[in-house]
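Throughout, numbering of the chain's residues begins at 1 and tracks the sequence.
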Amino acid sequence: MTTTVEPTATGAPEPAGPLPIVARPYPTEQWVKGGLLGRMLRTTDHKMIGRMYLVTSLIFFAVGGFMALLMRAELARPGMQFLSPEQYNQLFTMHGTVMLLFFATPMVFAFANLVLPLQIGSPDVAFPRLNAFSYWLFLFGALTALSGFLTPGGAADFGWYAYSPLNDIVNSPGTGGDLWIFGLALSGLGTILGAVNMVTTVITLRAPGMTMFRMPIFTWNVLVTSLLVLLAFPILTAALLVLWVDRHMGAQVFEPQNGGAMLWQHLFWFFGHPEVYIVALPFFGIVTEVFPVFSRKPLFGYKGMIFATLSIAGLSLTVWAHHMFTTGAVLLPFFSLLTFLIAIPTGIKFFNWIGTMWRGSVTLDSPMLWAVGFLVTFLFGGLTGVILASPPLDFHVADSYFVVAHFHYVLFGTIVFAVFSGFYFWFPKFTGRYMDEKLAKWHFWLTFVGFHMTFLVQHWLGAEGMARRYADYLPSDGFTTLNTVSTIGAFVLGFSLVPFTYNCYRSYRYGEIVTADDPWGYGNSLEWATSSPPPRHNFTSIPRIRSERPAFEFHYPHMVERLEDEAHSGWGTHRKMTQMDSRDPEQGAHLVTAGIPVTTDSPREGTAAQRRDDSPS
């Protein structure tokens, strides 16, 4: 407690006394024991549900990563070290399942819940209670699948793809396979309901003035992803339920002698390939939000990005059988051509991302660093995807570690790098505190080096003939050195979570307070026009929506007329205005589109690192 002394009536000097000290200009939170759990159980606030999705997904990411470390430790040397073949099969089955369905897919809905209603000016999602129900379905479904490890026979061990006849009751007896089936069906139902919610929210709850072609790219990508979920996930759910009937009621739908083995592959990959883009497109949207902010420029090719997203989504539904080239039961030229075609809209996205950075005032704050890491890593995965789209080359490396490397470059390069880019980008908005930049960059470089050290050499392992899904190899095979390098890289990658976890704890508890609606100073979409953190229903008032950059126009109203003029001007007019501004700093020292930093009274001056270096410790 602090006290002050009233001045005396005689005008004598005030007696010395303690003065009130304000430690932080931030409201204190009154924690009640057990209060957080109670709020989680009854909440329908999309921001709280988004946090629950985010934390749960990151926990499953750590669980799946631990399984990967066990497998890499086993493969570091020839011979069986400490795992049995059955344990190895269980680990790679559950590793793939956890990473794809219990980390990547719910992470989509984590960011969708946190960001999408704010970006469209909505107070919440369309169905708040259904939103909470979707989360609990995902959580209990994931725990059901993982509970197979607690059964006498262990978890499912038929691979995360569950090919027939490996998935039948003869080859995979025990409860673990059944728990896997029902766990995936339950969590898949939660994903389907979440997608219904997001589609309805985008269609019905946009702010006045926000037309479809004024929505942020992230919102567009979540909308397209949700439509893909509604097309792909029911196929998987139906196939899983039929598989259970096969296992316990003798339906024989997936029996190989009836053509059931090929039927399962068609059903699974009709889900499985769109699933790759279900977990990729929203993260394309995240980095598309990051690049303009840290390049000090509008997004290059806004409508081109939308049409590229629609093209990728459409093509993703037509190329499922490129996973089945080596079966000899699919039309190779058709599926090969369509697989090659996906490179075109993906290339358009790369062109637009690079065009956004071109001639911009690029700063490598942690969100931008992760986004650039995404570009480099995903590019590698895309190039090897072109190789695998060619049937003659695919025949050579099918079922080898080349495919493992490609798969991880595409998925890890897309998902994990973009997840952390978005995490560092929106953390100040949703917590009201900045993250530590030095720890964030340690996290990035450990992840970047560890990832490429782990998976780059696996391309060479595959080209030399090492088969995937094997728990052992011979010393004479010549795989030992590259496997050792890959294992060392995996442990570096695993260690990268240490600075990240510490940074989250330290920043959430003691991080520098955010004092502006837009902590980065150059935000474009509508979430940067409300407080940090946002109020319960997101906005007290919504600025006028007249372009795809409402927050920027809200913070820099004097730029609106100029931006509208430049949106329809050619390069000659643009250069003329640039020269005019360079002569007269009063008229336009804040030329954003030419890459010159804003110098008006921005809520955030300089980069995060510069701002913190200049602030008192």
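- Residues Leu315 and Tyr277 fail the side-chain proximity criterion, which asks for heavy atoms closer than 4.5 Å.
- Counting non-hydrogen atoms of neighbouring residues, nucleotides and ligands closer than 6.0 angstrom, the CZ atom of Arg129 reaches no more than 12 such neighbours.
- In summary, of the residues considered (Ile49, Leu193, Thr43), a side chain to side chain contact (heavy atoms under 4.5 Å, CB included) with Tyr135 occurs for Ile49 alone.
- Here the CD1 atom belonging to Ile545 is positioned 8.5 Å from the CD atom belonging to Glu553, to the nearest 0.5 angstrom.
- Considering only heavy atoms from C-beta on, Leu310 comes within 4.5 Å of Val224 through its side chain.
- Counting only distance, with no hydrogens or angles, the side chain of Thr530 and the backbone of Leu526 share no donor-acceptor pair below 3.5 Å.
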*Before giving the answer on side chain to side chain contact (heavy atoms under 4.5 Å, CB included), spell out for Val108 and Tyr53 the whole-Å C-alpha distance, their side-chain angles and the decisive distance to 0.1 Å.*
CA-CA 9 Å; Val108 172; Tyr53 266 116; over 6 Å; no
*Going through the checks in order, is the ring pair (Phe, Tyr, Trp, His ring centres under 6.0 Å) test met by Tyr161 and Phe268?*
CA-CA 7 Å; Tyr161 41 82; Phe268 183 83; 7.3 Å; no
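- Within a 6.0 Å radius of CZ in Phe133, other residues, nucleotides and ligands contribute 12 heavy atoms or fewer.
- Considering Thr201, Asp124, Asn538, Asn197 in turn, Asn538 is the only one that fulfils the side chain to side chain donor-acceptor pair (under 3.5 Å) rule with His46.
- Of the possible donor and acceptor atoms, none in the side chain of Arg51 sits under 3.5 Å from a partner among the backbone N and O of Ala110.
- Remark: side-chain polar atoms of Ser316 are paired, donor with acceptor, to backbone N or O of Ala313 under 3.5 angstrom.
- Separating the CH2 atom in Trp358 from the CZ atom in Phe300 is a distance of 11.5 Å, to the nearest 0.5 Å.
- You'll find the ring centres of Phe451 and Phe412 inside the 6.0 Å limit.
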*Taking it one step at a time, do Phe351 and Ile348 satisfy side chain to side chain contact (heavy atoms under 4.5 Å, CB included)?*
CA-CA 5 Å; Phe351 183 82; Ile348 291 172; 5.5 Å; no
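- Within the model, atoms OG of Ser122 and NE2 of His537 stand 10.5 Å from one another, a figure rounded to the nearest 0.5 Å.
- Residues Phe102 and Leu184 form a side-chain contact, since some pair of their non-hydrogen atoms from C-beta on lies under 4.5 Å apart.
- Residues Phe140 and Leu186 approach most closely at C-CD2, 4.0 Å, considering heavy atoms.
- Around CZ of Phe495, the count of heavy atoms belonging to other residues, nucleotides or ligands within 6.0 Å does not exceed 12.
- Between Tyr424 and Asp365, the closest side-chain pair of non-hydrogen atoms is not below 4.5 Å.
- Summarising the geometry, atom CH2 belonging to Trp220 is positioned 4.0 Å from atom CE belonging to Met212; distances are rounded to the nearest 0.5 Å.
- No side-chain donor-acceptor contact under 3.5 Å links Thr97 to the backbone of Met94.
- Proximity of the aromatic rings of Phe378 and Tyr409 is defined here by a centroid distance below 6.0 angstrom, and this criterion is not met.
- Met52 is listed as a side-chain neighbour of Met40, based on a closest heavy-atom distance under 4.5 Å.
- A cation-pi arrangement is found for Arg549 relative to Phe552, the charged atom lying closer than 6.0 Å to the ring centre and inside a 45° cone about the ring normal.
- Put simply, the side chain of Phe270 does not reach to within 4.5 Å of the side chain of Leu236, judged on heavy atoms.
- The closest donor-acceptor contact from the side chain of Ser531 to the backbone of Pro533 lies under 3.5 Å.
- Exactly one residue among Phe539, Phe425, Phe554 makes a ring-ring contact (aromatic ring centres under 6.0 Å, His included) with Trp528. That residue is Phe425.
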*Thr447 and Trp370: CA distance, side-chain angles, deciding distance, side chain to side chain contact (heavy atoms under 4.5 Å, CB included) verdict*: CA-CA 10 Å; Thr447 302; Trp370 282 97; 3.5 Å; yes
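- Atom CG of residue Leu230 and atom CD1 of residue Ile278 lie 9.0 Å apart, to the nearest 0.5 angstrom.
- Judged by distance alone, with hydrogens and angles left aside, the side-chain atoms of Ser532 form a donor-acceptor pair with the main-chain N or O of Asp517 at under 3.5 Å.
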_Run the side chain to side chain contact (heavy atoms under 4.5 Å, CB included) test on Val125 and Asn113 for me, step by step, so that the C-alpha distance in whole Å, both residues' side-chain angles and the decisive distance to 0.1 Å come before the verdict._
CA-CA 8 Å; Val125 295; Asn113 272 286; 4.2 Å; yes
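- Ion pairing of Lys429 with Glu527 is absent here, as no side-chain N (NZ or NE/NH1/NH2) approaches a carboxylate O to less than 4.0 Å.
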*Carefully, step by step, assess Thr339 and His322 under the rule side chain to side chain donor-acceptor pair (under 3.5 Å).*
CA-CA 7 Å; Thr339 306; His322 72 209; 2.9 Å; yes
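- Here the side chain of His273 pairs no donor or acceptor atom with the backbone of Trp269 at under 3.5 angstrom.
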*asked:* Walk me through whether Ser507 and Asp436 qualify under side chain to side chain donor-acceptor pair (under 3.5 Å).
replied: CA-CA 7 Å; Ser507 299; Asp436 185 276; over 6 Å; no
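- At distances below 3.5 Å, not a single donor-acceptor pair connects side-chain atoms of Thr356 with backbone N or O atoms of Pro292.
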*Given side chain to side chain donor-acceptor pair (under 3.5 Å), test Trp353 with Thr288 step by step and report yes or no.*
CA-CA 7 Å; Trp353 288 326; Thr288 307; 2.9 Å; yes
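- With rounding to the nearest 0.5 Å, the separation of CD1 in Ile120 from CZ in Phe218 is 11.5 Å.
- Counting heavy atoms from C-beta outward, Phe380 and Phe455 have side chains that stay 4.5 Å or more apart.
- Residues His443 and Asn503 fail the side-chain proximity criterion, which asks for heavy atoms closer than 4.5 Å.
- Using a 4.0 Å cut-off between a side-chain N of Lys or Arg and a carboxylate O of Asp or Glu, Asp45 and Lys47 qualify as a salt bridge.
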